[in-house]
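Index from 1, following the sequence.
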Amino acid sequence: MAKHKFSTKAIHAGQFPDPSTGAIMTPVYLTSTYVQEELGKNKGYEYGRVSNPTRTALEKNIAALENGKEGLAFASGMAAIDAVFHLLPSGSHIIASKNVYGGTFRIAKMILENYGLQFDFIDTSDISLVKKYLKPNTKMIYIETPTNPTMQLTDLSAITKFAKKNKLISVVDNTFASPYLQQPLLLGIDITLHSTTKYLNGHSDMLGGMVVTNNSKIIEKLRFLQKSFGGILGAFDAWLCLRGTKTLSVRMERHCKNAAIIANWLSKQKKIKILNYPGLKSHLQYKLAKKQMKHPGAMISFDLGSLTAAKKFLKNVKLCALAESLGGVETLISHPATMTHASFPKNIRIENGVTDGLVRLSVGIEDVEDIIADLKFALSKV
Ligand SMILES: *Cc1c(COP(=O)(O)O)cnc(C)c1O
């Protein structure tokens, strides 16, 4: 499928009419095991934890979208992230972006450090700082760009260069951008991963994770880890996600178009103290966003100055749904300090810009006028 362009791949990669019926949609293979013809002879499938044809279709589909050779689908984004960290032997040091997803910080600090991995969460947008944290036992650099929820960017080409020079595995959590906006493997990154719960599925009706790489040694290790831990994506969820990826490009175009209009409107509201959106000229990395992303995304965060103001605002939105998560067709709004980032110690949270007044918006694909009217009403109550 390499010769096809993105939207064509989104619809067709990994999928073919069912050989027994011609069904155009990949069936949901609800089976735990596969009958073998004779000892040692099977059709490529042996047991459901190891592989499933619906899951295989999704893995091939998303791998194609990321321009990667192979991918593996996990039960959730966290299961995918856990597997990636397990590539490393005990005693390894990892440099990671400081504003990573809260669950990533939690698994690193509260679980994996007990098993001998060491993490430094730093501002990876500053490559000179990244260089300072290099240790003899550093084995991986783990990036989120744009970061959650302050929308800082990290220069992926600079990270690739640094990682290659120092023989580190480079990893990008590409959930916020989706492969439609950003393809880290094309910039030389070793592993790209996703919470497919977000844009890739796009309809807020399943949880899943995905890891894609061009490195066959890495994929073999991950396959072994996945088979051993068993954090696999179920067939029905794989099918839902496959259904989602078909419309990824049209959804992302609309998400981003709406977000740009909303960010522009928010920039004119006096009650908003700080506005984070990489598509605004005022954003520190506006140029980098132009360079490494197709569009600046559909995630926006803004500071209303205090917890009281944020509470009032969130109590008065009606169309925007107050909920964790992001990337669905509906606009979601959240309060990172008490929701997604509650697992960060307060001092670190504030230092990372996740202040008590910060509100995060995952712009949906509704009519933008309706979203703005909702935000305008809620803002009038602050
Ligand atoms: C949601 C999310 C995760 C975790 O994914 P789950 O599917 O909820 O386990 C990881 N990284 C980012 C950036 C996310 O937004």
Side-chain angles (χ1 to χ4, degrees), residues 1-36 42-77 79-80 174-175 178-181 183 192-212 219 223 226-227 230-255 325-330 364-365:
M1 278 273 166
K3 62 189 190 309
H4 287 143
K5 292 170 80 175
F6 191 92
S7 302
T8 310
K9 286 196 282 190
I11 294 165
H12 297 286
Q15 295 154 92
F16 44 84
D18 177 51
S20 62
T21 63
I24 192 161
M25 286 301 136
T26 304
V28 188
Y29 284 90
L30 293 173
T31 189
S32 58
T33 193
Y34 307 87
V35 178
Q36 312 192 7
N42 60 55
K43 295 182 159 65
Y45 294 91
E46 290 166 82
Y47 186 61
R49 182 164 13 83
V50 181
S51 51
N52 172 289
T54 320
R55 201 168 95 219
T56 304
L58 178 69
E59 291 171 342
K60 288 192 187 309
N61 182 258
I62 297 179
L65 297 183
E66 282 285 5
N67 285 290
K69 259 198 237 144
E70 286 189 86
L72 286 171
F74 289 82
S76 67
N174 203 24
T175 303
S178 90
Y180 183 69
L181 302 183
Q183 295 165 355
T192 174
L193 63 86
H194 285 275
S195 165
T196 56
T197 315
K198 317 295 168 53
Y199 287 110
L200 282 165
N201 172 57
H203 295 75
S204 309
D205 54 13
M206 56 79 75
L207 271 92
M210 187 77 199
V211 182
V212 182
I219 204 78
R223 228 183 262 291
Q226 188 184 49
K227 170 171 91 174
I232 52 150
L233 188 68
F236 188 63
D237 289 328
W239 183 84
L240 282 172
C241 192
L242 260 181
R243 186 178 205 192
T245 57
K246 287 184 199 301
T247 56
L248 182 67
S249 48
V250 282
R251 281 188 286 111
M252 291 314 291
E253 281 296 334
R254 177 66 171 257
H255 277 297
S325 201
L326 60 112
V329 288
E330 59 286 302
I365 64 172

Within the side chain of [X], is there an N or O that forms a donor-acceptor pair under 3.5 Å with the backbone of [Y]?
X: Lys9; Y: Ala64; result: yes
X: Arg223; Y: Leu72; result: no
X: Gln36; Y: Asn42; result: no
X: Arg254; Y: Val329; result: no
X: Thr196; Y: Met210; result: no
X: Asn52; Y: Tyr29; result: yes
X: Arg251; Y: Tyr199; result: yes
X: Thr197; Y: Gly208; result: yes
X: Thr33; Y: Gly48; result: no

Where do [X] and [Y] come nearest, in terms of heavy atoms and distance?
X: Ala57; Y: Thr26; answer: CB-CG2, 4.0 Å
X: Gly231; Y: Ala79; answer: O-CB, 4.1 Å
X: Leu58; Y: Ala73; answer: CD2-CB, 4.3 Å
X: Gly71; Y: Ala63; answer: N-CB, 3.9 Å
X: Pro17; Y: Gly22; answer: CB-O, 3.8 Å
X: Thr175; Y: Ser195; answer: OG1-N, 2.9 Å

Chi angles and distances behind the side chain to side chain contact (heavy atoms under 4.5 Å, CB included) call for Phe6, Gln183: CA-CA 11 Å; Phe6 191 92; Gln183 295 165 355; 3.5 Å; yes
Ring geometry between Tyr34 and Tyr45 (parallel below 30°, tilted from 30 to 60°, perpendicular above 60°):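 Because their plane-to-plane angle lies in the 30° to 60° range, the rings of Tyr45 and Tyr34 count as tilted.
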Lys60, NZ: over 12 other non-hydrogen atoms inside 6.0 angstrom: no
Arg243, CZ atom: more than 12 neighbouring heavy atoms under 6.0 Å: no
Full working for side chain to side chain contact (heavy atoms under 4.5 Å, CB included) between Met25 and Leu242: CA-CA 10 Å; Met25 286 301 136; Leu242 260 181; over 6 Å; no
Distance in Å, [X] [atom1] paired with [Y] [atom2], rounded so as to fall on 0.5 Å steps:
X: Glu59; Y: Cys241; atom1: CD; atom2: SG; result: 11.0 Å
X: Thr54; Y: Leu30; atom1: OG1; atom2: CG; result: 7.0 Å
X: Asn61; Y: Thr56; atom1: CG; atom2: OG1; result: 12.0 Å
X: His203; Y: Leu240; atom1: NE2; atom2: CG; result: 10.0 Å
X: Ile219; Y: Glu70; atom1: CD1; atom2: CD; result: 5.0 Å
X: Ser32; Y: Arg49; atom1: OG; atom2: CZ; result: 11.0 Å

Pair Ile11-His4, side chain to side chain contact (heavy atoms under 4.5 Å, CB included): steps then yes or no: CA-CA 11 Å; Ile11 294 165; His4 287 143; over 6 Å; no
Residue of the set Val212, Leu200, Thr245 for which side chain to side chain contact (heavy atoms under 4.5 Å, CB included) holds with Pro179: Leu200
